[in-house]
Amino acid sequence: MSRVRQHNVMGAQWKPAANGGAPAMELDATSVFGSNVFTDEVAKELIDSAHYDQFKAALAAGEPIGLETANAIAAAMMDWAISKGATHYTHWFQPLTGKTAEKHDSFYEPSEGKAIAAFKGKDLIQAEPDASSFPSGGIRATFEARGYTAWDPTSPAFILENPNGATLCIPTAFVSWTGEALDTKIPLLRSMAALSNSAVSALQLFGDTETKHVFTTAGAEQEYFLIPEHYYYERPDLVTTGRTLFGAKPPKGHELDDHYFGSIPERVLACMMEFEYELAKVGVPIKTRHNEVAPAQYEVAPIFESSNLSADHQQLIMQTMQNVARKYGLVCLLHEKPFAGVNGSGKHNNWSMGTDMGSNLLNPGDNPHDNLQFLFFCTAVIAAVNKHQGLLRATIASAGNDHRLGANEAPPAIISVYLGDLLADIFEQIEKGAATTSKEGGILELGSPVLPPLPADAGDRNRTSPFAFTGNKFEFRALGSNQSISDPNTVLNTIVAESIDEMAGKLKAAVDGGASLEDALGPILTETYNASKRIVFNGDGYSEEWHAEAEQRGLLNLRTTPEALKQWLEPTTVETLGKYNVLSDRELHSRYDVYIEQYVIKVNIEAETAYDIAKSMLLPAAIRYLGEVKAAAPQLAGSIETLVNEFDAAITKLETANLDENHPTDIIAEADYMRDGVLPAIEGVREVADKLERVVADDLWPLPKYSEMLFVK
Ligand code: ADP
Ligand code: MG
């Protein structure tokens, strides 16, 4: 039997409940949801009321939690965790790797020959992992390596189960001992506070004196691939880099459009059900699942939550999908472009602002007053995105995402805002600042409160826009599938806070000067919208014409990561993020350093992996085949020999391009060099390899092919 068929049969094998039984999925959802979360109800039940009240009061006031209260909470948390089978606890945090980090400590300490459980308030509040092992950019070089994790009481602790035990995870922030952020949570929390302040003050101008707090909300739709693990482990490129560096286009791709929203293969659905079940236990509210465009590609979406919780949960979603997939003989691929020539994976970050009174500030509402307020906040978002388009682009820049952005499948690298026809029409009228007729035929007069109700579904959908208004939220569609959602949300929150403040400042001045709210607001909306409207684009973001037009409009088109990352250091970035105490100049520089280094390292790993595979797996296979052909059918050997020679030359070119001595020493120049010198050399090797894949005897070709990986289910 040929190698290939045997492998395919193995790749396709799975049994329901293969690994010692499926979870008790028949339990009703309400009893499972949050069962492994130290929720507020659990806290209230298990902590004595005096300490519980102190805890809540401190949280509400944003004050530190006293040690005694912390001791009481820790004791309750430990008892609860042990009753759920936990033996260890960990501070769970998000360093600048884009992933989560954990270091487990046992609850148990030896005492007089036996073990007693001990977990104190100080263990809950603070820990000290060795910061020098995490990326910190300049901050580590200049200061001591010390770093602390600090409990984030706004994201509840949860228990992660393992077949052999369980661990209590305490969401924490990660700071240097000088108080600088070494993670993605701290700036996110800071940005949420900034936006809350700005939005609450603005709401007061609209007569809302009840709202005390505004939360930013996020709901991220996650795309991913599932392929049989059998193939994954045969592909050193997938294992090492997350994407296939080789692989010819299969005879069938997604041309038939038979995958999108198609029926979900049984094994895949079983896997989805189990990871959703696991996520339910830790309180992640998964809502939607479906097939995506590419074969073997799927999507999962949770219900939105406050940004901080959503960012934590996003990490849990990615981690849980990867863990559970293995139980089904599958591997979950989160790379932005695991398969060349096949649709890649992104993440849509749905974003809005909600008040503690329960209203969504981006909901157009259906009375004139809500409309005014909605138009104010909506305009603020448009202005913020226009001013900081480059920074938003920087928050989604990565080596992986470069394969999508700008290519003809994902949103382009140009940031623009899609409003939809109806909203666009209303803003066109705002632009003119005069009373006109709305599309529905109602009267839209900005100088008076007789605004027509805005449609709840403000227009059609547009899949090509990177930043689209979708009814009652904006959807930032250009995130990479693999990334943490923290940076994009941090930036969004901060830039919108700034723009709310600017507009609210003008509004207040006009109202203080005696104008009515309605009279004052009209000109401010007109002025702000006019200054920002170049960012609004309702057409096809993939088209060539848009690229030309965007350039005319002066919009940035930052095609690659090295260009985009520079936006973290632009004066407007430093000023805005500094003004709101979200990221200081030093913190921004350290982030830039970390991100640019990650880019260089990633491309370098790809280059080394491509070289190894080409030189030690593919070239030998091609030579063996050439030998066989020369022996048996020499008249056919000519074209194969030409390809083999071309391949050898391309491999040598890659080797030379990635020689250490050919890399510039300056990291910024090196990033450009990786993009312009090394990536094309990797591509050059691939080009010939993919031709060889289609001629070399199938049983000699050492890598599973796209036609297998994407279609054996
Ligand atoms: P679509 O495919 O139309 O974008 P989905 O139902 O797949 O719609 O996803 C919508 C996402 O938007 C969900 O994750 C949902 O929780 C999120 N979402 C809805 N309302 C808000 C909001 N106010 N703030 C943030 N996210 C939201
Ligand atoms: Mg969407």
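Numbers here simply count residues along the sequence, with the first being 1. For ligands, and for the atoms within them, numbers begin at 1 and follow the listed sequence.
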A.B. asks: Give the single entry among Leu361, Leu362, Asn350 that approaches atom 12 (O) of ligand 1 most closely by any heavy atom.
C.D. replies: Asn350
A.B. asks: Over all heavy atoms of both residues, which pair between Thr379 and Phe427 is shortest? Give the atoms and the distance, please.
C.D. replies: OG1-CE2, 3.3 Å
A.B. asks: Where does Lys287 meet ligand 1, judged by heavy-atom distances below 4.0 Å: at the side chain, the backbone, both, or neither?
C.D. replies: neither
A.B. asks: Under the 3.5 angstrom rule, does the side chain of Ser310 hit a backbone N or O of Ser307 as a donor-acceptor pair?
C.D. replies: no
A.B. asks: I need the atoms of ligand 1 closer than 4.0 Å to a non-hydrogen atom of Lys473, numbered in the order shown.
C.D. replies: 12 (O), 18 (N), 19 (C), 20 (N), 21 (C), 27 (C)
A.B. asks: Which option, Ser306, Ala301, Pro302, owns the non-hydrogen atom nearest atom 15 (C) of ligand 1?
C.D. replies: Pro302
A.B. asks: Are the side chain of Asn343 and the backbone N or O of Ala294 linked by a donor-acceptor pair below 3.5 Å?
C.D. replies: no
A.B. asks: Check each of Glu221, Glu475, His348, Arg289 against atom 7 (O) of ligand 1 and report the one with the nearest heavy atom.
C.D. replies: Glu221
A.B. asks: With side chains defined as the heavy atoms from C-beta onward, is the minimum distance between Pro488 and Trp351 less than 4.5 Å?
C.D. replies: no
A.B. asks: Which one holds for Asn360 and ligand 1: side chain close, backbone close, both close, or neither close, with close meaning a heavy atom under 4.0 Å?
C.D. replies: side chain
A.B. asks: Check salt bridge (Lys or Arg N to Asp or Glu O under 4.0 Å) between Asp208 and all other residues, then give those that pass, not counting sequence neighbours.
C.D. replies: none
A.B. asks: Is there a polar contact, in the sense of an N or O pair closer than 3.5 Å, between Ile303 and ligand 1?
C.D. replies: no
A.B. asks: List every atom of ligand 1 that sits less than 4.0 Å from any heavy atom of Thr217, numbering the atoms from 1 in the order shown and giving each element.
C.D. replies: 22 (C), 23 (N), 24 (N), 25 (C)
A.B. asks: Taking side-chain contact (heavy atoms from CB on, under 4.5 Å) as the definition, give me every residue that meets it alongside Thr217, ordered by chain and number, with sequence neighbours left out.
C.D. replies: Phe304, Ser352
